[in-house]
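Reckoned from all heavy atoms, side chains included, excluding hydrogens, waters and symmetry mates.
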Amino acid sequence: MTTTGYGMHPESIAALLAAPGEAAIVLTYAEDRAFADVSLNRFASVNSTRLDWQGVEVLERAEEFDGDGLRELVRRYGGEDELVIVFWGNHAVPSIALEAQAVAAHAEMVVDSCYECWLYFTDAHVLVEFQDGEGFVAARIPN
């Protein structure tokens, strides 16, 4: 099974993976695809990487595009121990799973690691899209 270069460059998120006291799990390609199937893939896309928010329940749009903005969204939509999957815009950087409190604690590292990413809150069934310079969108994942 080919993985089309998935996860070939984890150094892009090395600081996040090495954060003291946190237990980030690097997802395999199969795990990445399984989580994408129940989150990202439920949305249509606009231009290759932006999600199409037409016809879905958008919970919030935030113009902030920094660690503080992400931290607030994590606190608002994720339970403290809730599992969050972080998908990066570059498929060569492996997706990771970690608790919402760890995402909040290291929100700057998350947004500084990429130009775009998506966070899937597994219990709340919420997806947050981050586009650098444009902000965040939080939406309920459609069935």
Side-chain angles (χ1 to χ4, degrees), residues 1 3-46 48-53 55-143:
M1 170 193 225
T3 60
T4 63
Y6 172 79
M8 300 299 293
H9 295 286
E11 65 275 6
S12 299
I13 56 170
L16 186 57
L17 294 174
E22 306 306 342
I25 300 166
V26 175
L27 300 182
T28 66
Y29 180 74
E31 292 167 331
D32 169 85
R33 296 296 77 206
F35 280 114
D37 283 344
V38 297
S39 61
L40 281 173
N41 295 348
R42 301 265 175 110
F43 295 87
S45 63
V46 176
S48 78
T49 61
R50 296 177 193 278
L51 298 182
D52 183 356
W53 304 109
V56 300
E57 181 185 356
V58 173
L59 302 170
E60 181 173 353
R61 293 179 189 270
E63 292 183 9
E64 296 85 10
F65 51 92
D66 58 10
D68 289 336
L70 177 57
R71 187 173 296 105
E72 285 305 312
L73 288 172
V74 170
R75 290 183 178 143
R76 204 165 9 263
Y77 298 110
E80 191 172 289
D81 296 326
E82 180 169 1
L83 185 66
V84 176
I85 308 301
V86 182
F87 301 97
W88 309 101
N90 181 350
H91 204 59
V93 179
S95 297
I96 59 173
L98 65 167
E99 291 180 345
Q101 62 189 0
V103 174
H106 303 293
E108 285 82 8
M109 284 187 206
V110 173
V111 297
D112 290 346
S113 296
C114 62
Y115 293 106
E116 58 189 2
C117 67
W118 298 266
L119 293 91
Y120 166 42
F121 295 82
T122 58
D123 294 339
H125 303 287
V126 168
L127 188 77
V128 171
E129 179 179 65
F130 165 69
Q131 296 284 338
D132 190 26
E134 296 179 28
F136 300 97
V137 178
R140 186 94 39 220
I141 296 172
N143 292 325

Strictly under 6.0 Å, is that where the ring centroids of Phe121 and Tyr77 end up?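 Ring centroids of Phe121 and Tyr77 are no less than 6.0 Å from each other.
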Tell me, please, which residues at least two apart from [X] pass ring-ring contact (aromatic ring centres under 6.0 Å, His included).
X	value
Phe130	Phe136
Phe35	none
Phe43	Trp53

side-chain contact (heavy atoms from CB on, under 4.5 Å) between Cys114 and Val93: does it pass, once the steps are laid out? CA-CA 10 Å; Cys114 62; Val93 179; over 6 Å; no
Just do the side-chain contact (heavy atoms from CB on, under 4.5 Å) check on Phe87 and Asp32 with the steps written out, would you? CA-CA 8 Å; Phe87 301 97; Asp32 169 85; 3.5 Å; yes
Determine yes or no for a side-chain-to-main-chain donor-acceptor pair under 3.5 angstrom, with Glu82 supplying the side chain and Ala100 the backbone.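 Checking the backbone N and O of Ala100 against the side chain of Glu82, no donor-acceptor pair under 3.5 Å is found.
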Look at the side chain of Tyr6 and the backbone N and O of Ser95, then say whether any donor-acceptor pair between them is shorter than 3.5 Å.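 Flag set: sc Tyr6 to bb Ser95 pair under 3.5 Å.
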A side-chain contact here means heavy atoms from C-beta on lying under 4.5 Å apart; do [X] and [Y] qualify?
X	Y	result
Leu70	Leu119	yes
Val137	Val58	yes
Arg42	Asp37	no
Val56	Leu51	no
Val26	Pro10	no
Ile85	Glu31	no

First locate atom [atom1] of [X], then atom [atom2] of [Y], and finally report the distance between them rounded to the nearest 0.5 Å.
X	Y	atom1	atom2	answer
Ile13	Trp88	CD1	CH2	5.5 Å
Ser113	Ile96	OG	CD1	8.0 Å
Glu80	Arg75	CD	CZ	10.0 Å
Asp112	His106	CG	NE2	13.0 Å
Arg33	Thr28	CZ	OG1	11.0 Å

Tell me whether Glu11 at atom CD has more than 12 heavy atoms from other residues, nucleotides or ligands lying less than 6.0 Å away.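 More than 12 heavy atoms, drawn from other residues, nucleotides or ligands, come within 6.0 Å of this atom.
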Among Leu98, Thr122, Ile25, whose side chain to side chain contact (heavy atoms under 4.5 Å, CB included) with Leu83 holds?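 So the option named by the test is Thr122.
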Closest non-hydrogen atom pair between Leu27 and Pro94, with its separation: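 For Leu27 and Pro94, the tightest heavy-atom pair comes out as O-CB, 4.4 Å.
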With [X], which residues qualify under side-chain contact (heavy atoms from CB on, under 4.5 Å), at least two apart?
X	value
Gln131	Arg50, Glu116, Trp118, Glu129, Glu134
Ala14	none
Ser45	none

